[in-house]
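Below is one structure, written out as structure tokens, with a few remarks after it.
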Amino acid sequence: MVNITVEDKNGTRQDLELPTDMGLSLMEVLKASEYNILATCGGMALCATCHVEVLEGADKLPELNDPEYDMLDTLPDATPDSRLACQLRISDEMEGMVVRLMAEED
Amino acid sequence: MKETDICIIGAGPVGLFAVFEAGLLKMRCHLIDALPQVGGQLSEIYPQKPIYDIPGSPGVLAQDHVNNLLTQIEPFSPTYSLGERVEAVEKLEDGSFITTTNEGTKVASKVVVIAGGLGSFEPRKPAIQNLEDFENGKGVTYMVKDPEMFRDKDIILAGGGDSALDWTIHLAEIAKSLTLVHRNETFRGAPDSAEQVFNMANEGKINLVLKSNIVKIGGNATLEEVNIADHNKEETVHKADYLIPLFGLSPKLGPIANWGLNVDKNAIQVDTFDYSTNVPGIFAIGDINTYPGKLKLILCGFHEAALMAQSAFKYVYPEQKLSFKYTTVNGVQAF
Ligand SMILES: Cc1cc2nc3c(=O)[nH]c(=O)nc-3n(C[C@H](O)[C@H](O)[C@H](O)COP(=O)(O)OP(=O)(O)OC[C@H]3O[C@@H](n4cnc5c(N)ncnc54)[C@H](O)[C@@H]3O)c2cc1C
Ligand code: FES
């Protein structure tokens, strides 16, 4: 298990305890936790509706892969700590990570 | 005013196939889409990905599937309004409809079929405060429809994807000056285009501003200047007639929400008998609809199109009785 904190569009934070042994992506976990993100492309780094900014713990995450970098590069609001949640697999390195949702629907 | 039997809003796979099902029953269709091309999500989001669950077409590339659909519906000569977003659907006293787009195109029809998918594809906009004040012909534009518009003008382009690179190369020839603003130091788009853009910058043909963002725009009535901040937040002011932000497209439900239809979580509620909405004569098929057990799959949308056509027939030919026939019996009777 690993503990992370999610901040929604309104700035409300919630702590989540997540399993590391199920091969889930952060996008899948956010959807399962009822966050209103579209994840239109189903996790193929093609839609950016799972865009998050990593506020704490970005340096511990694996490097961006090419498709992820390409997609983020096209966004108007990406920051140096932007990631696509569908490209991040839940792992022990995420302990204490804080992410902000960047593409939450109304 | 264009006239047709069925006005289809959305030219994704489901809207396209609806033309076929309608055509078998001798109903003509006009298709409208906000995108400049047909194919919906398939051509806009994943043209080069294989789809494995289209019955009878194992591993077909999304764009090939769209092309196949176009071939399949060709006998029924559908007409198109592309690059136009439907703003309003009005029901007349005789039960027919007038559909109006943002460009003022009007389509009269007996039936309206909404095949709007996830909504109309709209440009992603950068967070610049007064951006909207300069839209609609006042200097900020998200699509290059007529390059001639930019002849001898000062243009600023923003973005780092393929379309930003392609338009930089293309418009540099026409513009008086062209500045490309990009957040990063490198471009991830097509390497050839990126190299060409760097060469053009070295030769002084364009002005390349990297690791920077647009933070402010201003002008009297029309756009006059754009403030660009570098990574140290130092701002410079650039003269501009046009600003073209190119950050890709993303679907937004948009005007569909205002047509008096029952909408639940960005989807239109339908009766699974014939995928009719709460307004008689308006149907909703494909990703845009919702009902218990709904799956957002292409093949489900195709099934919905077939059943929709059976009921739409009653609006188009109220005097006639419909008898069900296989395509193998009569073939496809073109019109
Ligand atoms: C990456 C990815 C992979 C997928 N893989 C599969 C798969 O393997 N198998 C499968 O079955 N499905 C798959 N899907 C889902 C599939 O693409 C959709 O189910 C399908 O595109 C729905 O078709 P549609 O015609 O209903 O809508 P769309 O394809 O979304 O088309 C709707 C069109 O309507 C237009 N529109 C909407 N509102 C308006 C308006 N007001 N005015 C003008 N135009 C408007 C839009 O611009 C759009 O072009 C995938 C989706 C994605 C994103
Ligand atoms: S779900 Fe589409 S990019 Fe992550």
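The figures here come from the full heavy-atom set of this structure, side chains too, leaving out hydrogens, waters and symmetry mates. All values reported here derive from a predicted model rather than from experimental measurement. Lettering of chains follows the sequences in order, A, B, ..., and the numbering in each one begins at 1.
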## Note on the structure
By residue number, those in residues 63-76 of chain A with heavy atoms under 4.5 Å from heavy atoms of chain B are A:Asp66, A:Tyr69, A:Asp70, A:Met71, A:Leu72, A:Asp73, A:Thr74, A:Leu75, A:Pro76

### Query
Is it true that B:Glu135 and B:Lys125 have a side-chain N and a carboxylate O under 4.0 angstrom from each other?
yes

### Task
Take A:Ser82 and A:His51 through the side-chain hydrogen bond (donor to acceptor under 3.5 Å, both in side chains) test and state the conclusion after the steps.
CA-CA 7 Å; A:Ser82 282; A:His51 178 195; 2.8 Å; yes

## Note on the structure
Answer key: most heavy-atom pairs under 4.5 Å with chain B among A:Asn36, A:Leu38, A:Asp77, A:Thr40 is A:Thr40

### Query
Measuring heavy-atom distances to chain B, does A:Ala103 have an atom under 4.5 Å in its side chain, in its backbone, in both, or in neither?
neither

### Message
So for B:Asp287, is it side chain, backbone, both, or neither that comes closer than 4.5 Å to the heavy atoms of chain A?
### Response
neither

### Query
Among side-chain atoms of B:Asp264 and B:Thr290, is any donor-acceptor pair under 3.5 angstrom?
no

### Message
Side chains of B:His65 and B:Ser57 only: does a donor on one sit below 3.5 Å from an acceptor on the other?
### Response
no

#### Entry: Electrostatic pair B:Lys294:B:Glu304 at N-O distance under 4.0 angstrom
yes

### Query
Is it true that B:Glu87 and B:Arg85 make a salt bridge, defined as a side-chain N closer than 4.0 Å to a carboxylate O?
yes

### Query
Okay, side chain of A:Ser33, backbone of A:Lys31: is any donor-acceptor separation there less than 3.5 Å?
no

#### Entry: Portion of B:Leu118 that has a non-hydrogen atom of chain A nearer than 4.5 angstrom
side chain

### Query
Under the 3.5 angstrom rule, does the side chain of A:Lys9 hit a backbone N or O of A:Glu104 as a donor-acceptor pair?
yes

#### Entry: Heavy-atom proximity to chain A below 4.5 Å, by part of B:Glu44
neither

### Query
Is any side-chain N of the basic residue among A:Glu93 and A:Lys60 closer than 4.0 Å to the acidic one's carboxylate O?
no

### Query
Out of B:Gln41, B:His182, B:Arg124, which one racks up the most heavy-atom pairs below 4.5 Å with chain A?
B:Arg124

